[in-house]
Number of protein chains: 2
Amino acid sequence: MRTMTIRDIARKCKVGVSTVSRAMNNHPDINPETKEMILRVIEESGYIPNKSARNLKITESDTVAILVKGIGNPFFSGMIDIIQKKAQQHSYACILQPVEPHENELDKALEMVQEKKLKGIIFLGGNFRHHQEKLKKLRVPFVVSTAGRAEDFGVPMAASVSVDDFAESYKLVDYLCRQGHKRIAMLTSADTDLSVGKLRFEGYLKALRDHGIQPDENLIFKLRGDSDHFSITSGYELTKRALTQHCDFTALFAVADTLAVGACRALHEAGIRVGRDCAVAGYDGLELGQFYCPSITTIRQPVEEIAKETADILFDMILDGKEPESRTFQGELVVRESTEPAE
Amino acid sequence: MRTMTIRDIARKCKVGVSTVSRAMNNHPDINPETKEMILRVIEESGYIPNKSARNLKITESDTVAILVKGIGNPFFSGMIDIIQKKAQQHSYACILQPVEPHENELDKALEMVQEKKLKGIIFLGGNFRHHQEKLKKLRVPFVVSTAGRAEDFGVPMAASVSVDDFAESYKLVDYLCRQGHKRIAMLTSADTDLSVGKLRFEGYLKALRDHGIQPDENLIFKLRGDSDHFSITSGYELTKRALTQHCDFTALFAVADTLAVGACRALHEAGIRVGRDCAVAGYDGLELGQFYCPSITTIRQPVEEIAKETADILFDMILDGKEPESRTFQGELVVRESTEPAE
DNA sequence: GTTTTTGTTGGAACCGTTTTCGGTAACGTT
DNA sequence: AACGTTACCGAAAACGGTTCCAACAAAAAC
């Protein structure tokens with residue numbers, strides 16, 4: 001059975017195809033009655049206009065896209081809603097496009113720009129360090145959120161919004177040191193170059209050194225590359241492993257709250273009281289850590305503000321032709337039970 | 001600057017457009033050398049074929065789609081990977097399409113079928129009860145996973161995979177009753193008709209009655225419609241509210257693990273020891289509950305099997321033209337600390 | 001040496017829209 | 001009565017691919 005086209009509708013309405021098109025895209029040059037009649041017929045016959053054909057012909061389209069590498073990451077989920085709402089306020093369409101781990105976010109972006117005629121892009125996650133050429137071909141404004149700094153990209157129309165992971169991580173570990181901890185274990189990601197984990201790790205090192213503590217290789221635990229990245233389970237297992245080589249740390253810093261939760265459970269099972277016997281801290285400020293027992297000390301990233309700013313910067317570029325303007329947000333050290341047990 | 005087309009490549013290679021097309025779609029009728037040469041030129045010039053144009057012309061395309069209403073739901077995240085892997089094994093492309101809460105998953109599906117020439121669809125979440133007409137227009141096989149039973153749809157090509165929420169919920173509450181609990185509070189969703197919560201709620205009622213317990217209105221707490229659905233925070237707040245009207249329940253059953261986590265924290269803050277003073281149980285079997293302190297009793301849904309079966313059923317229909325065959329899985333009651341404190 | 005086959009190619013039609021570019025009718029103005 | 005406006009409409013040309021078909025050369029079969 002052939003699928004219905006605009007011509008079928010035109011025939012059914014005894015009008016030209018252009019009129020039907022006008023009716024659908026509320027074009028001014030059409031008699032309101034004809035329009036209504038056409039729309040009714042369309043409704044009745046369940047005609048669905050072919051988007052490919054439309055996108056092929058169209059030259060511009062007031063839409064932006066959010067490309068998310070690692071949907072499922074609760075940190076991103078929080079941002080997405082906010083960004084979409086912003087887009088709506090500007091009456092822009094906003095399409096959410098997950099990027100699979102093995103896909104390249106830039107190739108995807110390039111495709112979508114010409115397919116969907118995007119006016120702008122927001123990247124959540126992903127890596128952009130070694131892709132200048134592709135970034136340059138992307139001729140629309142875009143902003144990279146919490147995945148690197150725009151300065152590193154070396155291309156115009158690039159803005160970034162991020163939290164200074166190095167400084168915040170430093171802040172947290174500094175706090176732990178001031179609490180008197182000398183042996184602070186670290187749970188971080190495997191590949192140091194690409195990951196968000198890198199800066200957080202460096203902040204950790206710096207803080208230790210500034211407190212006259214020599215970082216101890218034996219206290220640094222890296223995720224195996226294959227385990228799925230920042231899951232609770234991997235935090236749990238990594239900590240279990242850490243505990244087998246009794247290296248007597250008194251505090252543990254995980255680069256993500258999820259990992260910290262897993263760590264807490266592992267410690268708990270080993271009979272170590274989190275907060276009293278061993279401090280635990282995470283990073284991100286997820287709901288999760290706030291409601292855990294004990295609640296988990298963390299660096300809260302201002303998700304809402306980050307999301308808002310990300311969207312604002314993008315639309316400033318799109319609508320007002322403003323220059324890309326990057327921002328770095330402050331995180332907030334949120335001290336909770338896992339490092340300061342109630343009395 | 002005009003965007004590059006297949007004709008530009010053809011010109012640059014001094015061949016016809018059809019030859020370029022053949023090179024890209026590894027069509028057999030082409031000289032391997034020409035092909036290689038063309039591909040090299042394409043690579044060098046950074047040409048990106050226009051997907052809309054392609055989709056417009058193409059008549060079929062070995063792809064399936066997963067339409068997820070409520071991406072971010074960790075239960076779905078777990079399934080997605082597995083399904084995608086299955087698709088890959090059949091060398092089918094698999095596109096992941098989030099559906100916004102306000103969008104209708106069926107309209108989206110209809111669009112995509114004609115736009116992307118889908119061979120099949122997997123729905124995660126969503127509601128299909130009152131949409132027979134649209135389901136009928138969807139002329140490809142599809143399977144609905146954990147969002148209702150195929151029998152209710154009344155259309156061919158529809159399969160469903162689910163867990164018998166009613167029975168499992170019954171199983172859990174029955175267990176609580178056998179533990180001696182008489183006053184069991186329930187945390188459930190607002191709208192009883194559409195939601196997964198409904199069957200779980202009914203299982204709760206039935207179990208109580210079978211134990212000679214008259215369900216108490218005052219122990220049933222429903223989420224406000226506006227709060228985002230099954231978040232930890234809403235579980236927390238709902239429980240807080242429950243506690244203000246001291247209705248002295250000795251157990252609490254939440255329709256989702258996330259809610260249960262929130263509940264645990266609220267109880268904890270009220271000085272009530274979860275497990276000892278009050279039992280808490282959830283539903284889903286998320287990582288979260290397993291690692292919480294105390295770990296949370298739940299009904300574990302066999303995510304992996306469900307996902308595998310969902311994919312298998314779909315591909316059986318697509319590849320072998322099999323009849324839609326629905327399945328209902330057993331859940332598993334996982335008793336943990338929140339209902340049975342260690343000694 | 002002619003015919004058939006095989007392998008490779010290019011031309012052109014087509015997919016279903018939007019949009020340009022007139023065209024027509026109705027109306028008000030001189 | 002002739003004209004300029006205005007409001008609405010339809011035919012046809014794109015958009016950028018794929019694919020059918022005819023063409024041609026070289027190789028194989030007779």
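Basis for what follows: all heavy atoms, side chains included, without hydrogens, waters or symmetry-related copies. Protein chains get the first letters and strands the later ones, always in sequence-line order, with residue 1 at the start of each.
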If you assign each of P32(A) and V17(A) to its closest nucleotide in DNA chain D, which residue comes earlier from the 5' end? P32(A)
R22(A) has its side chain closest, among dC21(C), dG16(D), dA12(C), to dC21(C)
Are the charged groups of K69(B) and E105(B) less than 4.0 angstrom apart, N to O? yes
Is the phosphate of dT19(D) approached by S21(B) (side-chain N or O, under 4.0 Å from OP1 or OP2)? no
Looking for any heavy atom pair under 4.0 Å, which part of the strands does K35(A) touch: base, sugar-phosphate only, or nothing? nothing
Between P on dG16(C) and CD1 on I58(B), what's the gap in Å once rounded to a whole number? 13 Å
Side-chain donor-acceptor contact under 3.5 Å, S162(B) with S160(B): no
Between D29(A) and R22(A) (salt bridge meaning N to carboxylate O under 4.0 Å), is one present in this structure? no
Check every strand shown and say whether T59(A) touches a base, only sugar-phosphate, or nothing at a heavy-atom separation below 4.0 Å. nothing
What's T5(B) touching, base or sugar-phosphate or nothing? Going by heavy atoms closer than 4.0 Å. sugar-phosphate
Whichever of V20(A) and P28(B) has the more 5' nearest nucleotide on DNA chain C, that residue is P28(B)
Could you work out which one of dT19(D), dT9(C), dC9(D) sits closest to the side chain of D29(A)? dC9(D)
When you match K14(A) and H27(B) each to their closest nucleotide on DNA chain D, which lands nearer the 5' end? K14(A)
Sidechain N-carboxylate O distance under 4.0 Å for E36(A), R40(A): no
OP1, OP2 of dC8(D) versus side-chain N and O of T19(A): anything below 4.0 Å? no
Please determine if K308(A) and E304(A) form a salt bridge, counting it only when a charged side-chain N lies under 4.0 Å from a carboxylate O. yes
What contact category does N25(B) fall into here, base, sugar-phosphate, or nothing, at under 4.0 angstrom with non-hydrogen atoms? sugar-phosphate
Ignoring the backbone of K57(B), work out which of dT19(D), dT18(C), dT8(C) is nearest its side chain. dT19(D)
K117(B) atom NZ is separated from dG17(D) atom P, nearest whole Å, by 15 Å
Is there a donor and acceptor pair, one atom on the side chain of S18(B) and one on the base of dG11(C), closer than 3.5 Å? yes
Any side-chain heavy-atom pair of I66(B) and L124(B) under 4.5 Å: yes
Toward the 5' end of DNA chain C, which comes first, S52(A) or I30(B), by nearest nucleotide? I30(B)
What is the separation between atom CD on E111(A) and atom C1' on dG16(D), rounded to the nearest whole Å? 15 Å
Please give, in whole Å, the distance from dA14(D) C1' to N55(A) CG? 16 Å
Length of the CG-C1' vector between N26(B) and dT19(D), whole Å: 16 Å
Look at the side chain of V15(B) and decide which nucleotide, out of dT18(C), dT19(D), dG10(C), has an atom nearest to it. dG10(C)
Side chain of A53(B) (C-beta onward), nearest among dT9(C), dC8(D), dG16(D): dG16(D)
Is N104(B) close to H131(B) at the side-chain level, that is, under 4.5 Å between some pair of heavy atoms? yes
Atom-pair distance (CZ on R54(B); C1' on dC14(C)), nearest Å: 16 Å
Within this structure, what is the CD-to-C1' distance between E36(B) and dT8(C), rounded to whole angstrom? 17 Å
Between the base of dG17(D) and the side chain of R7(B), is there a donor-acceptor distance below 3.5 Å? yes
Roughly, in whole Å, what's the span from CD1 in I6(B) to P in dG10(C)? 12 Å
Under 4.0 Å between a side-chain N/O of Y47(A) and OP1 or OP2 of dG16(C), yes or no? no
Can you tell which of dC15(D), dT18(D), dC8(D) lies closest to the side chain of L56(A)? dC15(D)
